[in-house]
Structure formats: structure tokens, C-alpha cells
Amino acid sequence: MSHEHVSYLELLARGAATEAYDRPVLLARASGAGPEALAELEEAKQLALRVRAELEGRRRREAELSALFATAHDLAGLRDLDAVLRAIVQRARSLLGTEVAYLSLNDPAAGDTYMRVTEGSVSARFQQVRLGMGEGLGGLVAQTARPYVTDDYFEDPRFQHTRTIDAAVRDEGLVAILGVPLSLGSQVIGVLFAADRRARVFEREQVALLGSFAAHAAVAIDTANLLAETRSALAELERANGIIREHSGVIERASEVHDRLSELVLHGGGVHDVAEAVSEVLGGTVEFSEEGAGAARRAGGHAVREGEDWVAAVSAGGETLGSLVLRGQPDLDPVDQRTLERAALVTSLLLLARRSAGEAEQRVRGELLDDLLDAPDRDRRLLRERAARLRTDSEAPHVVLAARIDRAGGPADPDAAGREGADRQRLWSAATHLAATRHGLASARDGGTVLLLPLGPGESAADLARQTARSLGGTLREPVTVGASAPVRAPLDRPDQVAVAYEEARRCLDALVLLHRAGQGAAAEDLGFLGLLLADGRDIDGFVDRTIGQVVAYDRRRGTDLVRTLDAYFASGMSPARTKDELHVHVNTVAQRLERVGRLLGPDWQSPSRALEIQLALRLHALADAVTGK
């Protein structure tokens, strides 16, 4: 091999600019090489340039492929239409490397097109412009459903220029503009644009690339739900496979696995089917793990090596759902790494689809329980049919349970308000899973969760309450307090009793908190005499009024603290000295208040029997205030 041929190989190896390929010819000519040698060298130069062009084309196609997959990954984690549109415009700008990208949507009511999202725009006038159908480049794209491109907008006579549109385009400083339609069938719903503030010629491949992305975007806009995201991502995977099949044998393996993944998803395959398919193609063993992905989670979607294994995070919307672990292939080439990453993406889509179906079933369970609580006069035959579809045993005795996360933080805790909504959602999610497992029902209510669960053989309401508290608390790693009602026999035959049982469970829950038993589960039978008062409908208000009513009335009339003093006195072991420390007052003040209590309740108020009734009445009075929010 001649020295000049080696020079061209070196130029190819370091990715030199096109101009550098003229240097070996010039050096040979300067050294007096003959015409035959110069011709051979010129032929070698042209061959090297063709190889360079082919390598550049492959690198460009690989970059486009990666961008398309990144787009599918982004869309998989989005939940609302605004977020989808922002992602579409950002990706369009990134794909073509333009200074500005924007998206307009048609307004059928107004008969025009309006700017919805912009990326890279600096002009407020441009961001608010509206185009009539057929006006400007965008109006023509929307009207004809064909892409249009111009390298100098203001000198292009093909578009209907208006003062408003031209002023907005001039204000933004745009010169070269490419617009492609967002189409659903034969209907154009908007236009996706890429633009530069300088003259530029958009190549045919760039027009086709933006058109492909616009088709993907139109599906995401139209459906704006998880299922459409899944189908759109799989469509991108399939189109990507067409590009991959043109490459080397390594890329052919990636094409095979993508075809198989698409087939699995479209025909109802599961997560472990995906792992098995990737195992066969990559020649190792791929397993799905629900454990956190560790370093792979921090790698932003890329597969990483951990010891002798490769790990790719399965995640969506910022949430890690697990990981795909490849064992037996420590030396994995970059293309196979991307294959593992894309398998993780498909796995995340499958898991999200499964979660969506599960959440839909849980909403149905919650709606049935809400109907039992709020509309007990519903047709009982229809209620039983709905319960049967949910595999709920409507004939078995059931218990109503009220559950709530009880934190130590109070009003002074700056994070308490922000955590409350997240706590309710986490508790509802854990409770619905438990209800589905036990063939029961669950619904969010009154700042917590209500469950209707069947009793197992030999199981009591108290047993079920304790089991539920342990199960929910273990899942959430937070103390969960659970109050239970007495058993309700055949609740669908007596739906009016479900609401009554729920109120009993709530009172039991509040009693547990009041008795400093937060994080535990109990039924009324666990609470002794207090439980009987809560459960059997006795005249609790009358009992409180008869026992300490005069003290309560005196506090209300005079604004005194006799009730609070009594509570602290009993809590301190009936010691005035410890009571004054609890209340932060002088011991003489405590003595004066207790003397007033004695005049109101009678001289024997501290006798054992009277003291027990007074303490119980104080607890019930505090419980009533807690329930009513006083």
C-alpha cells in the first residue's frame, strides 16, 4: 500500500474535513509524480471521499434514529396535552438544528390557525399571531395538506403575504421556513414548523424527517392518552427498524429484536416475553427486576455496566418502574446497548398500559363503594351484578374500615400541607391494591380511604383492622391508623347499613388517635366501654352533658379553661404541681380552678367512680370536637 493511500486512511480515521483530501494530490504533484501516479492518486481520493460521504450519511441516520427514539421515550412519560405539544416542538427544533420551531393548530370555530407553542421565539407579536386559512406559508400548508419550504420567505411569491403575518415574521427575524402538516387521515389539524433567521436550504431528507415526526405528533395530539403514546412509540420503533435493516449485521440483530417487540406488544405479550425475546437476540440472559436501577437510573435512559452485567432503567415520567438486566454478555457493542435500552422503553410502555388498566378497574371498585355509601337506594340487582363483575363476594359478611395516615407534623410544619395530597394518593393506591387482592372495594374519602373487605373464616373485625393497618403501613412505610365497624352481613342486600358502618369506623378511627394509638388498627370491641358508646348508638352527647356539662357551659360563658385544666389534672396523675407545669400557670391558679370545678360538679367529683366517668366524658368531649372540627 502506497504512502498516499495510507494518508487517506488516516484522514478517514480522524474524520478530516473534505478540503484535507486534496493535500496528498498536491504534495504528489509538487514532488514531480507522473501522470499515471497522479491519476491513481486522484482515483483513490474520490474513493476516499465516497467512503467519507457514506460514513457521514450513516452517522446522520444514526443520530436521527436516536432522536426519534428519544422522542418516543419523552412522549411515553407525558400525561397532558400541553406537555405533549411542548415536547413535540422542542424535539422538532433539535432534529433539524434550527434556531426556532413552533406549532400551530387549526381553530375550526374561528376558521383560522393560531400559534400554540413556540421554542426559540423572542417576539411576543410572533407568538400571538393568527393565520387565516391559506394565508402565509403555514396557512398554505394547512389548506393544501402538503409540506412547503422557502429559503427566503419575503422574496417567495407562492404565499399570500399579509401585513399582519409579514410584520410578525419580520419581528422574529425569520428568513428560511419549513412547514409540514399535522394530519389525521385526510384532516389537517395543524402545522409543525422549523425556521432559521438566515437563508438556508432544507434538504429533502430533512423535510421527510420532519414530516415523519409530524405524523407521530399528530397521533399524540389526537389521543393525548397512554394508549396512543404506546402505539405512537411502537410505530416509531417500526419505522426505525426499516432504517436499521440497511446497516451491518449488528444492526440487523437490533432490527430483529424490534420486530419481535412490536409483535409481542401488538398481540398482548408481557414484560417477561420481552425479556425472553431480547435474550435470544443478544445471546445472554435478560431479566426484568422490580428493584431500582441504581446507576442506570442516573444515566438518563442509557444502559450501563455493573460488574459483569448490563442494566437499563425501565422508567417513564420521572418514575423508575424497574430495570432490564443482561447477564452473560460483558462485552456489549454500542448498537446492542441501544437495543437493550429500547427494550427497556417498550417494557415501560407495557407496564404503564398495565397500570392504566389496573387503575381503571380500581376506579370502578371505588365508584361501586361510593354508590353504597352515597346512594343506598340504588337498584340492588344492579349493585350485585357490578360486584360480580369485580369478583366480589356479596353474600359474605363484610367490614367497613376507615384508614388514614397520621403524621406527627402539625400546622407549624411547613411541609405538612404539601404532603397531605401525596399521602392521600399513596394511601388510595395501596388500599385499592389490598382491596383487589382480598376481593373487596376501596375509595378515597374524607381525607383518607374507606375499604369494604370480606371477613375470612374465623376472622373478627378487630383482626381485619389490625391486619389492614400492618399491611398498609408496611407498604407505605408510614403509620396508618385503621378503624373498623362491626360486621355487615350481605352488604349489597342492606346497602343502607354500609353508610352507618362507615360512620362507626370513622368514630373508631378518631378514638384511636385520641387515645394515642395512631398507626394501629382496632374495632369498637377493642375499645372497651368507649367502644360500646361508639358502636351501639347510645346517647353520648347526653352522657357528656350529664357528667361535665356544667364545666363546659361555664367555660363557654366565662372564657375560662376549666375543661383543659381537668384534662391536664388527670393526665398528671391528679397532681396540682405537675398540672401547673403542664399548663404553665402558678400552682395557686390550678388550686382555684379545681375549687371552682368542685363547686360545679359536687364535692365527690374526685372519688374513683366519679373520676372515671369524668375522664371518659372528657375524652368523648375531645373526640366530638375533633370530629366536628371545633
Side-chain angles (χ1 to χ4, degrees), residues 71 74-75 78 80-96 98-151 153-154 156 158-197 200 202 206-224 232:
T71 299
D74 288 346
L75 292 176
L78 298 175
D80 61 90
L81 181 59
D82 288 338
V84 172
L85 295 182
R86 284 194 298 272
I88 288 168
V89 173
Q90 291 167 1
R91 187 65 63 194
R93 184 186 183 197
S94 172
L95 284 173
L96 272 71
T98 57
E99 296 172 292
V100 182
Y102 49 102
L103 183 147
S104 67
L105 293 180
N106 292 353
D107 186 345
D112 62 5
T113 298
Y114 65 96
M115 202 72 70
R116 179 63 183 270
V117 181
T118 64
E119 177 73 14
S121 170
V122 296
S123 167
R125 178 189 300 182
F126 181 78
Q127 294 166 15
Q128 298 170 7
V129 71
R130 298 184 75 99
L131 294 75
M133 297 302 290
E135 294 179 354
L137 183 149
L140 191 58
V141 171
Q143 186 179 58
T144 63
R146 295 177 53 194
Y148 276 85
V149 60
T150 178
D151 55 1
Y153 176 78
F154 292 101
D156 199 325
R158 293 177 298 166
F159 315 121
Q160 180 182 339
H161 292 268
T162 68
R163 180 179 302 174
T164 301
I165 298 174
D166 284 2
V169 174
R170 188 175 287 109
D171 202 30
E172 189 63 56
L174 300 182
V175 176
I177 305 175
L178 165 62
V180 297
L182 300 178
S183 301
L184 292 172
S186 61
Q187 180 185 8
V188 177
I189 63 171
V191 181
L192 182 62
F193 299 88
D196 266 340
R197 296 186 177 93
R200 167 178 176 168
F202 288 96
Q206 293 175 315
V207 176
L209 183 62
L210 190 62
S212 297
F213 188 78
H216 179 92
V219 174
I221 293 172
D222 180 53
T223 58
S232 181

Provide the closest heavy-atom pair for [X] versus [Y] in the form atom of the first, atom of the second, distance.
X	Y	value
Ala218	Leu184	O-CD2, 3.7 Å
Glu172	Val122	OE2-N, 3.0 Å
Gly179	Val141	O-CG2, 3.7 Å
Ala194	Phe202	O-CZ, 3.8 Å
Val191	Gly138	CG2-O, 3.7 Å
Ser104	Thr113	OG-CG2, 3.1 Å

Looking at side-chain heavy atoms only, is the closest gap between [X] and [Y] below 4.5 Å?
X	Y	answer
Val100	Thr98	no
Leu137	Val169	no
Phe159	Thr150	yes

Partner set under ring pair (Phe, Tyr, Trp, His ring centres under 6.0 Å) for Tyr148, not counting sequence neighbours: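 Scan of Tyr148 (ring pair (Phe, Tyr, Trp, His ring centres under 6.0 Å), adjacent residues dropped) gives none.
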Please check: side-chain N/O of [X] versus main-chain N/O of [Y], any donor-acceptor pairing under 3.5 Å?
X	Y	result
Asp107	Ala109	yes
Asp171	Phe126	no
Thr144	Leu140	yes
Asp196	Glu99	yes

Please report the interatomic distance [atom1]([X]) to [atom2]([Y]), rounded to the nearest 0.5 Å.
X	Y	atom1	atom2	answer
Leu131	Thr164	CG	OG1	9.5 Å
Leu105	Arg116	CG	CZ	6.0 Å
Asp166	Gln160	CG	CD	10.5 Å
Arg170	Arg163	CZ	CZ	11.0 Å

For the pair Phe154 and His161, name the ring-plane relationship: parallel under 30°, tilted 30 to 60°, perpendicular over 60°. parallel
Go through it in stages, so that I can follow the logic: the residues are Gln206 and Arg200, the test is side chain to side chain contact (heavy atoms under 4.5 Å, CB included), and I'd like the CA-CA distance, side-chain angles, deciding distance and then a yes or no. CA-CA 12 Å; Gln206 293 175 315; Arg200 167 178 176 168; 3.1 Å; yes
Sole candidate of Leu192, Thr118, Val117 that passes side chain to side chain contact (heavy atoms under 4.5 Å, CB included) when paired with Tyr102: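 Testing each of Leu192, Thr118, Val117 against Tyr102, the sole residue satisfying side chain to side chain contact (heavy atoms under 4.5 Å, CB included) is Thr118.
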